[in-house]
Protein chains: 2
Amino acid sequence: MARPRQALLTRERIVEAASMLIDAEGLEACSMRRLATELGVQGPSLYNHFATKAEIVDAVAESVVAQVDISVFRANDWREGLRLWAKSYHAVLAAHPNIVPVLATGPGRRPAGLAMAEAVYGALLEAGWSRARATHIGALMRYLITGSALGSFALGFEADPELYDRYPHLHRAHELAAHRAAVDEGAFELGLDLLINSLSDRYDQGVRR
Amino acid sequence: MARPRQALLTRERIVEAASMLIDAEGLEACSMRRLATELGVQGPSLYNHFATKAEIVDAVAESVVAQVDISVFRANDWREGLRLWAKSYHAVLAAHPNIVPVLATGPGRRPAGLAMAEAVYGALLEAGWSRARATHIGALMRYLITGSALGSFALGFEADPELYDRYPHLHRAHELAAHRAAVDEGAFELGLDLLINSLSDRYDQGVRR
DNA sequence: TGTAAAAACTTACGCCGCTAGTTTAAGCAC
DNA sequence: GTGCTTAAACTAGCGGCGTAAGTTTTTACA
């Protein structure tokens, strides 16, 4: 086949297919040849639309981050804004866990990532936090959110009971996987509560740097 | 060359070389052929000592986690134990950042990882925290520690000033990289303080689940 | 001393990202 | 309408990847 009358590929179609493939089978499954097959095309054809594979993955990351609700900072106190944003971000990453390693390295040049950083940092500055502290708080939130999204704590323990014979306190660790949601969500909620409440206390005491 | 009079490889030599290669050039640089070259050997020879590449990487992860000081739980209050352990873990990961993605998925079957989980969880249980809360606290600490180790927050922003023209609050984001240590360490220290202090407050108020 | 296991080797398979060059259709200038 | 440029698909192929299979030689032990 040479050039078709109607183009088979668009950047949008490619990103959508890549996103679905990554969600369904993971980052490693998303090779150029495999992605092309998914789109009914030969591998190198993708290079007519993206210069490298990294650009495709980056576009997927961008489309995921764009789903995070950053409007919450406009209508809320910084504490509530931070909490609602974190929950939205957390929920988006929970729906697309396989792309998290890409996001964990920072916003890079992605507009949605930069817009999110702008919204968070701006809200903290406008609340009165110092530049340095606002940066720390932003970093801290990213640590919690991507750290929790990167790998389930519960699933980090294998289901084989014999594995824990030598570790008296871990004798029920093989049951963790069955309570995955409660464990992982509970830990995230606890962390969010602890961080925001204690930041709030400091703020109310006038400690803002 | 057939079998040499003195074995060229041992599991220890392989793990050591892999660890150095990963530290120096990253996980992707550590291919079987490259690692073998580093050891003065052909690629497939490594399979006489490890069944898969994943086993080698896992052994590197194990050797890194084994460097974390978990003795601190014996001589300290749970708060101070938690703080000292977290700092030790953080320092170890800062020295070996390229292996962090492997650790972030949990202890798996690695003895050092399981011993660490046992120490943390045991200390929390013996302090009086409920099983569920102790699990949450352990998960939360991992989120913070691996989240912060996974990618520098400061380096997540590119040094190109023009990138931030559209984002009024980010106009100095290109300077972040120059303050990498202050930003990243400040955020981690803040997070650790906030979490442990607020957990300590709850504990002192008798809220242990 | 004969045999089995160990530890190196070479060769090769099917993936991978990506480059180069080819073919044909589309879009535009005259 | 005709010719030129560009776009979007193709095929072929390079060097690298993890790993399997089979070979060679040495060592260790019965």
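Chain letters run A, B, ... following the sequence lines, proteins first and then strands; every chain starts at 1. No experiment lies behind these values; they were computed from the predicted model shown.
In this entry the distance linking CZ of A:Arg34 with P of C:dG17 reads 12 Å, nearest Å. To the nearest angstrom, C1' of D:dA9 lies 8 Å from CG of A:Leu9. Put simply, CD on B:Gln42 is 17 Å from P on D:dT19, counting in whole angstrom units. Following rounding to the nearest Å, A:Glu55 (CD) and C:dC18 (C1') show an atom-to-atom distance of 13 Å. Between the CG atom of A:Leu27 and the C1' atom of C:dG17 there is a distance of 15 Å, given to the nearest Å. Computed from coordinates, the B:Leu39 CG to C:dA8 C1' distance equals 13 Å when rounded to whole Å. To the nearest angstrom, C1' of C:dA7 lies 11 Å from CD1 of B:Ile14.
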Take A:Ile145 and A:Phe188, measure what side-chain contact (heavy atoms from CB on, under 4.5 Å) needs, and give me the verdict at the end. CA-CA 8 Å; A:Ile145 294 166; A:Phe188 178 75; 4.0 Å; yes
Going through the distances and angles, do B:Val102 and B:Leu27 end up as a side-chain contact (heavy atoms from CB on, under 4.5 Å)? CA-CA 9 Å; B:Val102 179; B:Leu27 260 183; 4.1 Å; yes
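Cation-pi geometry between A:Arg172 and A:Tyr164 is not met at under 6.0 angstrom from the ring centre and within 45 degrees of the axis.
Mapping B:Tyr47 and A:Gln6 onto DNA chain D via the closest heavy atom, the residue that lands nearer the 5' end is A:Gln6. Between A:Lys53 and B:Leu8, the residue whose closest nucleotide on DNA chain C is further toward the 5' end is B:Leu8.
Between the side chain of B:Arg33 and the base of D:dG16, no donor-acceptor pair under 3.5 Å is found. For a distance-only test at 3.5 Å, the side chain of A:Asn48 fails to qualify as a donor-acceptor partner of the base of D:dA7.
Heavy atoms from other residues, nucleotides or ligands lying under 6.0 Å from NZ of A:Lys87 number 12 at most. Annotation for B:Arg209: atom CZ does not count as buried by contact number, only 12 or fewer foreign heavy atoms lying within 6.0 Å.
In this model, the phosphate group of C:dA7 is not approached by any side-chain N or O of B:Ser45 to a distance below 4.0 Å at OP1 or OP2. Residue B:His49 places no side-chain N or O under 4.0 Å from the OP1 or OP2 atom of C:dA6.
For B:Pro44, taking side-chain heavy atoms from C-beta onward, the closest of the listed nucleotides C:dC9, D:dC10, D:dG18 is C:dC9. Distances from the side chain of B:Met32 to the nucleotides D:dC10, C:dC9, D:dT19 place D:dT19 closest. Minimum atom distance to the side chain of B:Thr52 is reached by D:dT19, of the listed D:dT19, D:dG18, D:dA9. Checking D:dT19, C:dA8, D:dG18 against the side-chain heavy atoms of B:Ser31 singles out D:dG18 as nearest.
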